[in-house]
Every structure is written in structure tokens, then in C-alpha cells.
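Below, read A as the first sequence line, B as the second, and so on, with proteins coming before strands; counting in each chain starts at 1.
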Amino acid sequence: MTCPTPSSALASNIERRRLMQILGLGGLGLAAGLPLAGRARAQGAEIAFWATATLDIGDGWDRMSEATGIRLVFTDNGNDMGPVVARLAAGNANDLFDVGGFQGGAERELFRQGQIVPWDLARIPNFARLWPLAKDMAHLRNDAGEQIGIPSVVNADSIIYRKDKLGVVDSYGVIFDPALKGRVAMEDAWINSAVFTAMYLKESENLPIGDPGNLTEAELGLVMEFLIKHKRDGQFRTFWNGWEQGVQLVANEEVDAMTGWEPIVYEGLKRGLDVAYAAPVEGYEAWGNNTVLLRGATERGVADAAHAFVNWMLDGYYGGALATSRGYIVPADTTTEYAAAHPGEFDAADIAAKAKHVADKFAGKVAWQNVRPDNFQLYEEWWQKLRNA
Amino acid sequence: MPRLLLIVLLPVLAVLVLGVAPLLTVTTWSFWTWDPATYWIRPEPSLAGYGAILEAGRWTVLADTLGKGLLAALLCLLLAYPLTYAIHFLSGPRLALLLLAAITIPFFTSSLIRAFSWRLVLGRTGPVNAFLQELGLVARPLDWLLFSDFAVMVGLVASYMPFAAFPLLLSLRRVEPSYLAAAQDLGAGFWRIVRTIILPLTLPGAFAGFLFVLVMVIGSSTEVQMLGGAGASIVSVMVNDVMRVANFPLAFAISTVVLVVLLALVLAGNRAFRLARLFEDPSW
């Protein structure tokens, strides 16, 4: 990655950040005693991006540096929002990082805590190029209507299944079908499995459930009792974690159907299996990864650079690079437009097909995954009951 | 004397700073109150963390983890005894080295890879099921070989057996061959020699190995998550779940309970098996 020569103010900012990393003193208030760098210009500034590893485009960030003069330092946040929120609330994350790229759902909570601040959309002209479904996400605005998260990636998950054994599957009912006892699996995470189950119970069993991604105490009890009953009946072969485990379950014929990520289907197809991804009548479980402006960025005077950086992410190149390297889609028209205008850089047809595929999923019903539902601690308590049932 | 003091002081300080201090901190914090406003804890005394251990079946995970640890440690010892006996008494230097390498080599890979390999071996289409079907012993693949307590135990024993073997080997080396020769001369059979000489003299090593395996199992998660059934849990999985929702006092309380149980086991075991004998000079 090429790095523009930092200004002296920037150098002192970087040194301060390094010092904080070494001391690990965030949250103790000692930062107040250290000299702040002063207001850095977007040109030549450094942005510390703390995000899910899949948002990293590696050497592709050089293009951002060329276009904006900003140097980017990427740090993987592990994708698990539990430790991320804890490190923001009680740790030194705001001393170290300027912009977060987080799994969706915790934005309003983080704003209430004062860990993130609203974006100024006037400084992100490319926000207007986002797809309506991304622009209109209510949970990315605070009560005052200010934008507190900018969608960087969206997708939607459902069921991976063996078409040769089950025919065409179009309902989450397959996961709870007694005929498939011991031959199905779900993810070992309430943020996914509770949502899938709630969607099924709401749409196909007509149970009184409002938002499957944010269950009330009573709804959660309903959903989890249903899961516990099926677990006790031996319905689930296992609850799975991680990419390789998911692929292995399908590839080694341990399960005939499981909730999970679409790339597992592509891997199964590569291995010669007749697997498919369901388009359930109950809809997809949608998820997004959103960029947030950390409070520390404004305190360090790099908010301008942070806005320029996020605007660049929606400019097209980033969308093309991410779609090519990871298959993920930045939900903005600029993604396909840039690829079409730069045929030497990206396969425009491939990116257009991927974008259409994602957009089609959102054309029907979706329930949004939510890493921080209102009753999140109750979710954990019920998940323990499920584990121990 | 000052040089000796310095040599002792440095490791003692390291243990205090790196080991004791974090444990004392965790124990103290387990009695603090979770603050939903900051997602952190504040120094107001509370037993809420300990109370929550009794909810949602969490205490059963603690008991089950202890049970898994004790069983795995026992199985590891049962396997390690004949193995170390063979290495020490029956093998020449070359074979002994080969056997030691055989139990060490699996550690060249990560626990994740080891556990994942067992998924392939014990699965429906794995070699064990294929072999059983080939022999005509079963008509269909055995589902309980994988994603079961059986599979977890296989994974745990395979992973942690060397931790039982090495202390046992150390204590076997302290069994004077002349004792065995004398017993044989006096007409003692193999099992009598094992019962009256080898077992009593190797008990401290056996207990040390037992403790190593127990502690490793209690701190493990990979084997349970990769090989256990739907939602299978163990203490570290439970702590991870709890940390994910930032319930720090509960996570610290679980850790403190585990710490107390392990300390009690060490003290009781030391009293019964005199671990210090491992460090005594046999010539004294």
C-alpha cells in the first residue's frame, strides 16, 4: 500500500494512536492528558478502519489513497459484535479507530452510548446512489432522523439443501420437518437461528410475531420453546460454526438441509453435489454491514477524512473490488456503473449478475438480522436453555 | 545468596503479575455490578453474577464440564499407563523415541485441524462407518459416532493424552529397575508388581497428568463445538456466549467458580498423592 507522506500533525496523531495501542489505556481517561493532533485535513490524513475482515480489499485501498489522499489502516474487528461493543464501551476502541465497519443492528445502541456520532450526508454525495432499500433502513437513523450508519454490504440468507434428495425446497418448514429428523442443522448463533425460526413461525404457522429480528420477551419465549422442543426430539444433527464446518456438513452428507450462507452452495456445486439455495416463501434473513463514524474520529479532527473515505467506498471501485474478491455487493448503483465503465478492471457482466441476484432477494419479504435486539441478554439466556435442553 | 534470591524472585514476580493478579482481578470483578449504560461494570457489590449461574441450566454446564474433564483425564491415564510402560521398560532408545514422537506429532497441528479430522473420520461417510458397513456389522452408518458425547470424548482423549503421558513417564523413570528385579526374584507376578510397586511409586506423576488433562479439558471448546451434538456446551463456550452479550459479572463469576473448584481439586489431590514427591531426589 502506498502511503502519502504524513504531515507533522498527522505524524503526531499516528504516534499518539500507537502509544495508546501500547499502553492499552483507553477507557481510563488518560487520553485526556495526551496532546491531541489537532484538526487534520482529509488530504494526507490517516483513517483507522476497524471492520469485518471481509470488507478489506487489500491492495485495493491504494486506489482510495490515490483518489482522496487518505491513508487507510485496516484492522479486523473479528465480526463478533459482543467484544466490539464491549471494547467501544469499556475499552480503548475510540482511541484507536476512526471508522467502524460493523454487522448491523447495534448502531442505535452505540449512538445512545455516545460511542458513534451521526454522519453528515452533505459530505457524502454518493449516499444518494445507494439502493432505496439501503438508504431507507430505519435502524441506521437516530431518533432525530440523522444517519448513524452507512450500508457498505447487504445480502440475505436462507437454506442450503440437497436438491437430489429433497426436490425443490421453498420453506423453512424443511428444517423442522420430522421426516428429516437428525438430517438438518442450524447455525450455532441466536442472531441467525432465532430469526429464521421466528420467520417460519410468523409466516407459515401464523403465530403472533412482529419483527423476527427484534423479538419481544413473549415472542422470544415462543420461538425458543419451539426450538427446544425440536432439539429434544433429535431434529438437529448439529449447530454449526464457520465456513469449513458448514461446507463439510453438506459435502459429507451429514445433513440434507441447513440454514446458512449461499457461498456454501457454490462450494458444494464445485464438489459435484446437487445442492441449491432456497427462496423461502417466508422470505430471506437479510443482513448488512454498515460503516459508522466513531466518536474518536471527531475528537481527533479526522471527521472530514472519514466522510471522504466513506464517500469513496460508495463511488464504485470499492463495490467492484469487493464483488470480485468476495462476492459481496455494495448496494449502490455505482457498483455496476463503475464496472461497466471500466471493463479492463472488472467483469461487468459478473458483477451485474451478482448485484441483480442480491437485489432480487430483497424484492420479496426479508427480516433483518439484528446483533443487538432490545432483549439481547434474554436471547443469550434462552440460548443457554436451548443448549442445555 | 543474593544471586539465588534474584533467580527465584524473577519467576515468582512473573507468576504473581501474569498469573495471580489477573485471577484476583477477575474474582473481584465477579462481585461488581453490570452497568447497562456503559456495558461495563461498576464497583457496587453484587452477587447477581453468581445468582445467574443457577439460571438457564448454566450450573449443569459446569457440572457436565467437570464430568467430561474427569472422564477424559481418567481415560487418558488408562491409555497413558501401558504406553509409558512400553516406552520406559520395553523399548530400546530408538523405539522409545519413535513412540514419543508418535504421541507428540499430532500437536504439530492446531486443535481445530485435529477436531476437524475427527469429523471426517467419524462421520456418516467416514472410514469408520465405511469399515463397519464393509464388515457387515451395521446396515446403515452409525449416527452417534459423530456429533455426540462419544465423539467429544474421542476428540478430547486424542488431544490431551500426551499431557497425561509425559508426567507419567517422568515418574516411571523414578522406579528403580532393581525394585522390579527384586520383586521378580521373590516370585511376584506382573500384576502384583504393577499393583504394589509401579502404581504407588507413580501416583504423583499420574495425578499430575490427571490434573493437566482436567485443566486442559475445562479450558477447551474446539472439540465440543466441532464434535458435539446440537448446541453442545462446555464452560468456555458458555463464557463466550455470555461475553457476547457483555454480561461480564456472570462471565467472571463462572470463571471464579471454575478456579475455586480446580484449586480445591489440586489441594485435595496434593494431600492424597503428595505431588511434591515428583521433585524429590530418589536417591535420598
Notebook entry, point to check: Between A:Y379 and B:V245, is any pair of side-chain heavy atoms under 4.5 Å apart?
Noted result: no
Notebook entry, point to check: In terms of heavy-atom proximity below 4.5 Å to chain B, should A:R372 be classed as side chain, backbone, both, or neither?
Noted result: side chain
Margin query: Does atom CD (A:E217) have a neighbourhood of more than 12 heavy atoms from anything else shown, all under 6.0 Å?
Written below: no
Checklist line | A:W243, CH2 atom: more than 12 neighbouring heavy atoms under 6.0 Å | finding: yes
Notebook entry, point to check: Are A:E381 and B:R58 within salt-bridge range, i.e. N to O under 4.0 Å?
Noted result: no
Next item on the list: Please answer whether the main-chain N or O of B:G57 pairs with a side-chain N or O of A:N388 as donor and acceptor at a distance below 3.5 Å.
Entry: yes
Next item on the list: Would you mind reporting whether A:R237 and B:R124 have side-chain heavy atoms less than 4.5 Å apart?
Entry: yes
Next item on the list: Pick one of side chain, backbone, both or neither for A:W382, based on which atoms fall under 4.5 Å of a heavy atom in chain B.
Entry: neither
Note to self: Distance alone, cut at 3.5 Å: any donor-acceptor contact between the side chains of B:N247 and A:E380?
What the structure shows: no
Check: In terms of heavy-atom pairs under 4.5 Å, which option from A:M81, A:E244, A:M186 contacts chain B the most?
Finding: A:E244
Notebook entry, point to check: What do you reckon, is CD of B:E134 surrounded by more than 12 foreign heavy atoms closer than 6.0 Å?
Noted result: no
Notebook entry, point to check: Would you find more than 12 non-hydrogen atoms of other residues, nucleotides or ligands less than 6.0 Å from A:K165 atom NZ?
Noted result: yes
Check: With side chains defined as the heavy atoms from C-beta onward, is the minimum distance between A:E254 and B:F147 less than 4.5 Å?
Finding: yes
Note to self: Does B:F212 have more than 12 heavy atoms from other residues, nucleotides or ligands lying within 6.0 Å of its CZ?
What the structure shows: no
Check: Measuring heavy-atom distances to chain A, does B:Q225 have an atom under 4.5 Å in its side chain, in its backbone, in both, or in neither?
Finding: both
Margin query: Can you tell me how far apart CG (B:N240) and CG (A:D80) are? Round to the nearest 0.5 Å.
Written below: 7.0 Å
Note to self: Ignoring hydrogens, what is the shortest heavy-atom contact between A:F239 and B:G231? Give both atom names and the distance.
What the structure shows: CD1-N, 3.2 Å
Margin query: As an exercise, state the distance from CH2 of B:W34 to CD of A:Q377, rounded to the nearest 0.5 Å.
Written below: 4.0 Å
Check: Looking only at atom types and distance, does a side-chain atom of B:T125 sit under 3.5 Å from a main-chain N or O of A:N252, one as donor and one as acceptor?
Finding: yes
Note to self: What part of B:I41 gets within 4.5 angstrom of chain A, counting heavy atoms only: side chain, backbone, both, or neither?
What the structure shows: neither
Next item on the list: Working to the nearest 0.5 Å, report the span between CZ of B:R119 and CG of A:L249.
Entry: 5.0 Å
Margin query: Can you tell me which portion of B:V242 sits under 4.5 Å from chain A's heavy atoms? Options are side chain, backbone, both or neither.
Written below: both
Note to self: Please identify, among A:L386, A:V84, A:V85, the residue contributing the most non-hydrogen atom pairs under 4.5 Å to chain B.
What the structure shows: A:V85
Next item on the list: Using the side-chain contact (heavy atoms from CB on, under 4.5 Å) rule, take B:D241 and A:R387 through it: C-alpha gap first, then chi angles, then the decisive distance, then the call.
Entry: CA-CA 11 Å; B:D241 284 346; A:R387 284 194 187 286; 2.6 Å; yes
Note to self: For A:E109, which atoms come within 4.5 Å of any heavy atom of chain B: side chain, backbone, both, or neither?
What the structure shows: side chain
Check: Rounded to the nearest 0.5 Å, how far apart are CH2 of A:W383 and CZ of B:R244?
Finding: 10.5 Å
